[in-house]
Amino acid sequence: MKKFHFFPLELGMRTNIRIFAPMILVTGGTGLIGSHLLLELTEKSIPVRAIYRNSEHISYTERLFEKEGKTASLQQVEWFRADLNDIITLQEALQGVTHCYHCAALVSFDPGDYHTLRKINIEGTANIVNCCLDAGVKKLCFVSSIATLGKLANRDFIDESSHWNSEEENNVYAITKYGAEMEVWRGTQEGLPAVIINPGVVLGESFRKHSSTDRILNVIHKRIRYYPKGGTGFVDVKDVVWAMVNCTESEIKNERFIAVGENRTYEEFLSLAAEIYEKPAPEKPLPDWLLSIMWRLDWLRSKLTGTKRKISSNTAKALSTTSAYDSLKLKKATGIVFNPLSFTLRRIAGHS
């Protein structure tokens with residue numbers, strides 16, 4: 001049976017929750033960003049409570065701490081079983097909490113997952129906001145995505161002024177993350193200070209299957225010959241965590257920040273990764289007509305087998321589109337110096 005660690009102080013509340021001041025709550029503590037955030041927070045020796053749904057997933061975080069030589073630091077984390085759609089357990093988890101980092105989310109681009117995405121990403125975030133308001137939390141840090149940002153005409157880079165465009169063919173993940181952001185902004189109007197971080201494609205060490213890093217590097221490991229013609233922004237998970245903590249601990253409130261270290265085409269990114277992993281790089285651009293056939297065949301496969309979609313029309317469009325992002329606002333506010341993409345990939349390669 002898995003052993004969980006709790007701090008010894010208890011203030012005689014009606015539940016068995018241990019109360020501390022200050023106390024930080026992290027949702028999604030077993031995910032890529034959440035587990036690295038726990039690494040950072042435990043370095044500061046601040047009491048941390050982390051929400052989990054499945055006790056087996058805690059092993060992913062344990063393995064990361066072990067790999068980083070920080071196994072003893074994990075003893076500082078108080079694990080608390082809760083669900084984003086269970087108000088009672090969320091209220092209990094937030095007792096005594098002064099700051100909340102909301103990292104938990106469902107990532108899926110399958111249109112068939114829309115209702116589940118909405119339940120977790122939008123309704124779950126609304127519940128976090130409401131419970132933070134009730135608990136008197138001093139600040140909420142919400143991890144969103146560059147997927148919620150629109151494009152401005154005649155602009156080379158997307159920045160924080162590039163607002164959501166509901167007229168675009170947005171994918172279901174982007175739609176629900178935008179809905180989640182609206183819940184956070186609603187919370188700020190009701191008196192909850194908050195910051196939103198919009199990271200690009202997050203790269204980092206993860207022991208969870210199908211992480212963003214895992215999915216992308218599979219193209220290299222499987223020696224796929226084609227690369228998508230588009231491009232996007234990439235960022236080291238350690239930089240995302242650094243930005244989150246610094247913005248939350250500062251006087252900054254009710255602001256959003258893009259966190260993108262480098263803008264690269266997929267060809268550039270995959271070529272760099274192939275060089276580092278000493279694998280052949282994809283050598284041919286993926287034609288739009290082939291992408292069009294692929295997502296239609298994937299739709300048919302999904303209908304016939306009842307399995308999840310791997311590529312949709314929106315995903316195909318995104319893979320053929322180049323979007324570049326400007327992190328100047330975050331740099332000015334925090335002085336962050338992003339890790340070079342080559343450094344990040346080499347560190348991940350040494351980890352795997």
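One is the number of the first residue; the rest follow in order along the sequence. All heavy atoms count here, side chains included; hydrogens, waters and symmetry mates do not.
Using a 4.5 Å cut-off on side-chain heavy atoms (C-beta onward), Leu74 and Thr42 make no contact. No side-chain heavy atom of His99 sits less than 4.5 Å from a side-chain heavy atom of Cys141. Using a 4.5 Å heavy-atom cutoff, the side chains of Ile146 and Thr232 are in contact. Counting only heavy atoms from C-beta outward, the side chains of Tyr173 and Val107 approach each other to under 4.5 Å.
Leu38 and Val48 make their closest contact through CD2-CG1, 3.5 Å (heavy atoms, listed as atom of the first residue, atom of the second, distance). Taking each heavy atom of Pro228 and Leu319 in turn, the nearest pair found is CB-O, 3.4 Å. Of all non-hydrogen atoms in Ile258 and Ser327, the two that sit nearest each other are O-OG, 3.2 Å. Closest of all the heavy-atom pairs between Gly335 and Trp242 is C-CH2, 4.5 Å. Smallest separation of non-hydrogen atoms from Ala333 and Ile252: CB-CD1, 3.9 Å. Among all heavy-atom pairs drawn from Ile128 and Leu94, the shortest one is O-CD1, 4.5 Å.
One hydrophobic cluster, built from ILVMFWY side chains closer than 4.5 Å, holds both Ile120 and Val184. Two different hydrophobic clusters hold Trp164 and Ile158 under the rule that ILVMFWY side chains link at heavy-atom gaps under 4.5 Å. In the hydrophobic clustering of ILVMFWY residues, with side-chain heavy atoms under 4.5 Å counting as a link, Phe109 and Leu149 come out apart. When the side chains of ILVMFWY residues are joined at heavy-atom separations under 4.5 Å, either directly or via intervening members, Val260 and Val237 end up in two distinct hydrophobic clusters. Tyr325 and Ile197 are members of different hydrophobic clusters when ILVMFWY side chains are connected at heavy-atom separations under 4.5 Å.
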Please report the C-alpha distance between Glu268 and Ser271 in whole Å, then the side-chain angles of each, then the deciding distance to 0.1 Å, and finally whether the side-chain contact (heavy atoms from CB on, under 4.5 Å) criterion is met.
CA-CA 5 Å; Glu268 291 171 339; Ser271 295; 5.9 Å; no
Which is it for Leu192 and Leu133 under the side-chain contact (heavy atoms from CB on, under 4.5 Å) test, yes or no, and what are the steps along the way?
CA-CA 6 Å; Leu192 175 63; Leu133 285 164; 3.5 Å; yes
Any chance you could lay out the side-chain contact (heavy atoms from CB on, under 4.5 Å) test for Leu341 and Leu203, step after step, and finish with the verdict?
CA-CA 9 Å; Leu341 185 56; Leu203 303 171; 3.4 Å; yes
Stepwise, does the side-chain contact (heavy atoms from CB on, under 4.5 Å) test hold for Asn130 with Ile87?
CA-CA 9 Å; Asn130 292 337; Ile87 301 295; over 6 Å; no
Does Arg81 form a side-chain hydrogen bond (donor to acceptor under 3.5 Å, both in side chains) with Thr89? I'd like the steps, not just the answer.
CA-CA 8 Å; Arg81 185 188 291 274; Thr89 56; over 6 Å; no
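Remark: side-chain polar atoms of Lys177 are paired, donor with acceptor, to backbone N or O of Val143 under 3.5 angstrom. Listed for the Thr265 side chain is no donor-acceptor partner under 3.5 Å among the backbone atoms of Gly231. For Thr334 (side chain) and Lys331 (main-chain N/O), no donor-acceptor pair under 3.5 Å exists by modelled atom type. Side-chain atoms of Asn121 do not come within 3.5 Å of backbone N or O of Ala105 as any donor-acceptor pair. The backbone N or O of Glu251 lies less than 3.5 Å from no partner atom in the side chain of Lys139, so there is not a single donor-acceptor pair. In this structure, the side chain of Thr61 engages the main chain of Gly29 through a donor-acceptor pair within 3.5 Å. A distance-only check finds no donor-acceptor pair linking the side chain of Asp159 to the backbone of Asp326 [under 3.5 Å]. No donor-acceptor distance shorter than 3.5 angstrom exists from the side chain of Asn165 to the backbone of Lys151, with no hydrogens or angles considered. Looking only at distances, no side-chain donor or acceptor of Asp113 sits under 3.5 Å from a matching main-chain atom of Thr116. In terms of modelled atom types and a separation under 3.5 Å, the side chain of Asp298 and the main chain of Lys310 share a donor-acceptor contact.
For the residue pair Ser144/Glu181, the side-chain donor-acceptor check at 3.5 Å is satisfied. Remark: the Ser145 side chain and the Thr148 side chain contain no N/O donor-acceptor pair separated by less than 3.5 Å.
Separating the CG atom in Leu300 from the CZ atom in Arg309 is a distance of 10.0 Å, to the nearest 0.5 Å. Taking NE2 of His102 as the start and CD1 of Ile196 as the end, the distance is 10.5 Å to the nearest 0.5 Å. Here the NZ atom belonging to Lys317 is positioned 5.0 Å from the CD atom belonging to Glu169, to the nearest 0.5 angstrom. Going from atom CG of Leu140 over to atom SG of Cys131 covers 11.5 Å, rounded to the nearest 0.5 Å. For the atom pair CD1 of Ile24 and CD of Glu249, the computed distance is 7.0 Å after rounding to the nearest 0.5 Å. Atom OG1 in Thr27 sits 6.0 Å away from atom CD1 in Ile51 (nearest 0.5 Å).
Aromatic pair Tyr266/Tyr227: ring centres not closer than 6.0 Å.
Taking 4.0 Å as the cut-off between side-chain N and carboxylate O, Arg63 and Glu66 do not count as a salt-bridged pair.
Aromatic ring orientation, Phe269 versus Phe234: parallel (interplanar angle below 30°, classes split at 30° and 60°).
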Report, one line per pair, each donor and acceptor closer than 3.5 Å where one atom sits in a side chain of residues 279-294; sequence neighbours left out.
residue : atom : partner : partner atom : Å
Asp288  : OD1  : Ser320  : OG           : 3.0
Ser292  : OG   : Arg296  : NH1          : 2.3

